[in-house]
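One structure is given below, encoded as structure tokens.
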Amino acid sequence: MLDIKRLREAPDVIRQAVRNKNEKGSVDAVLEADTRRRDIIVEVEQLKNTRNVVSQDIARLKKEKQDADGKIAEMKIVSDRIKELDEELRDVDAGLREGLLMLPNICHESVPVGGSAVDNLELRSWIPEHTMGINEDPEHPVLDHVELGRKLDILDFDRGAKLSGSGFPLYVNQGATLERALINFMLDTHLREHGYREVFPPFVVNTESMYGTGQLPKMSEDMYRCADDDLYLIPTAEVPITNMYRDEILDEAQVPTYFCGYSACFRREAGSYGKQTKGFLRVHQFNKVELVKFVRPEHSYDELESLVGNVERVLQLLEIPYRVLLLCTGDTSFSSAKTYDIEVWSPAEGAWLEASSCSNFEDYQARRANIRFRPEGQGSKPQFVHTLNGSGLATSRLMVAILENYQTPDGKIIVPKPLQPYTGFAMIG
RNA sequence: GGAAGGGUGGCAGAGUUGGUCGAUUGCGCCGGUCUUGAAAACCGGAGAUGGGCAACCAUCCGUGGGUUCGAAUCCUACCCCUUCCGCCA
């Protein structure tokens, strides 16, 4: 949620920023509601002041056994008017909040203006030696991850579909072990090398939490909902982890705090059928290790850089080719002010696959979720924290990259070295 | 699923014959005295949100509704938490 003051002070800037993000929330409707709201407040507060003052008089008169009937009758009229105005104020407030919730976060000035993915900026790429020239041998064309998974009996998409429907992967044998190893390796790396604290969150959350991080109200059709209990399956661990501190005031010492946690992630992917649905490329359930930071406002952009660095470190250790993109305004998500995507290379698809998205939300989520901290020093008022998060990383796309980049000419898979202590084997097949 | 208890300021915890209760107190916090420094002790300060944005004013005691001139205090509906019992992993 944006600060209403920003809208009042620079409505044109916000209007343009909303357009740059391809969003259609109305700045004018919000401003209109805001004006009306303040008018009502002025009037109703005056009346309430009268009522408070006169009520004191009434109390005094009664104590002195004097007649107060006239004043009481007078206040009855005032009270009725207050009730009317309060009701209107409640409606205006609700409308204002609704309008504000539909406005996206405003992108940082360093974000390139652009309409879609084609305007994203590739910042750097990293290609490990062992993957170079992998699909240049005409005798042994690379196999894609689905084929490798079937041949080696480690991924069973057909039975996954039987159990739950397409998009619910079933890992078997060494595939299941590899998946588990990957999760543990990533967690350990972030915990031991990057100073994160571990959390293991619930996989379902309530409505308030979904509003807090900005999934609601906009993304409701993309989430699985348990209607009987009014709970949602999380689309990412960002939701429970960021909401840990919802409606709390943190101590100075708790900022910054870095959290790292694994969760399964559930996405309906409504409306995206038909594109890239093969195997792991687009799934309804996947595993992800998530990084979340709560930081001081003045450090959040430095924290974003180090967050990206933490993610890159995992890919370098695993020796997987990747590139880093700075998303343009049109491709930056609703709640984010600046986002880097990290994509891994799939030699079989001949394409980069998004495996991580690292964002600085500034105070947008903190304002929605009411997460503040109290700076030290005299006269210190609570201030909104800045929140950041990034996938560190999603295993589905990573699994594609591992299987395809580590395949041997005879159809086996070499397990990346740092995963071998976790799997207990060095080769699949 | 059954029963009981409870939701108050950063935390803990008082406050029900409705009327200076935004609320006693303790801890924590900030400033000061003392000290080489710190602790302890003592003195003082400080809630949050909103409107003017200075004085000041309004709102906030789980949430909504009601009674009343006036409610943390009375009525009502709902939500959440804790404990116990039953059932199950």
Verify the contact: side-chain N or O of A/Lys83 to OP1 or OP2 of B/rU67, cut-off strictly under 4.0 Å; return yes or no. yes
OP1 or OP2 of B/rG70 versus the side-chain N and O atoms of A/Ser79: is any pair under 4.0 Å? yes
[atom1]-based separation of [M] from [N] [nearest Å]:
| N | M | atom1 | answer |
| --- | --- | --- | --- |
| B/rG5 | B/rA39 | C1' | 41 Å |
| B/rG62 | B/rU73 | C1' | 16 Å |
| B/rA48 | B/rC43 | P | 25 Å |
| B/rG50 | B/rU36 | C1' | 49 Å |
| B/rC27 | B/rC81 | C1' | 23 Å |

Going by the angle between their ring planes, with limits at 30° and 60°, are A/Tyr224 and A/His284 parallel, tilted or perpendicular? perpendicular
Scan [X] against the nucleic acid and name what it touches under 4.0 Å (heavy atoms): base, sugar-phosphate only, or nothing.
| X | answer |
| --- | --- |
| A/Lys76 | sugar-phosphate |
| A/Ile249 | sugar-phosphate |
| A/Arg37 | sugar-phosphate |
| A/Asn52 | sugar-phosphate |

Of the candidate nucleotides [options], which contains the atom at the shortest distance from the side chain of [X]?
| X | options | value |
| --- | --- | --- |
| A/Lys62 | B/rC53, B/rU59, B/rG19 | B/rG19 |
| A/Arg90 | B/rU67, B/rG65, B/rA58 | B/rG65 |
| A/Arg8 | B/rG51, B/rU49, B/rG10 | B/rG51 |
| A/Gln56 | B/rU20, B/rG65, B/rA58 | B/rU20 |
| A/Asn49 | B/rC69, B/rC57, B/rG65 | B/rC57 |
| A/Lys48 | B/rA48, B/rA58, B/rG65 | B/rA58 |
| A/Glu45 | B/rU59, B/rC57, B/rA48 | B/rC57 |
| A/Arg372 | B/rU49, B/rU59, B/rG51 | B/rU49 |

Inspect the contact between A/Arg367 and A/Glu362 and indicate whether a charged nitrogen and a carboxylate oxygen are less than 4.0 angstrom apart. no
Using Watson-Crick or G-U wobble geometry with both distances under 3.5 Å, which nucleotide pairs with [N]?
| N | answer |
| --- | --- |
| B/rU73 | none |
| B/rG1 | B/rC85 |
| B/rC78 | B/rG62 |
| B/rU24 | none |

From the list A/Glu74, A/Glu43, A/Glu87, salt bridge (charged side-chain N to carboxylate O under 4.0 Å, His left out) with A/Arg81 holds only for A/Glu43
Classify the side-chain pair A/Ser335/A/Gln365 by whether it contains a donor and acceptor separated by less than 3.5 Å. no
Sequence neighbours left out, what passes side chain to side chain donor-acceptor pair (under 3.5 Å) with A/Glu147? Give chain and number order. none
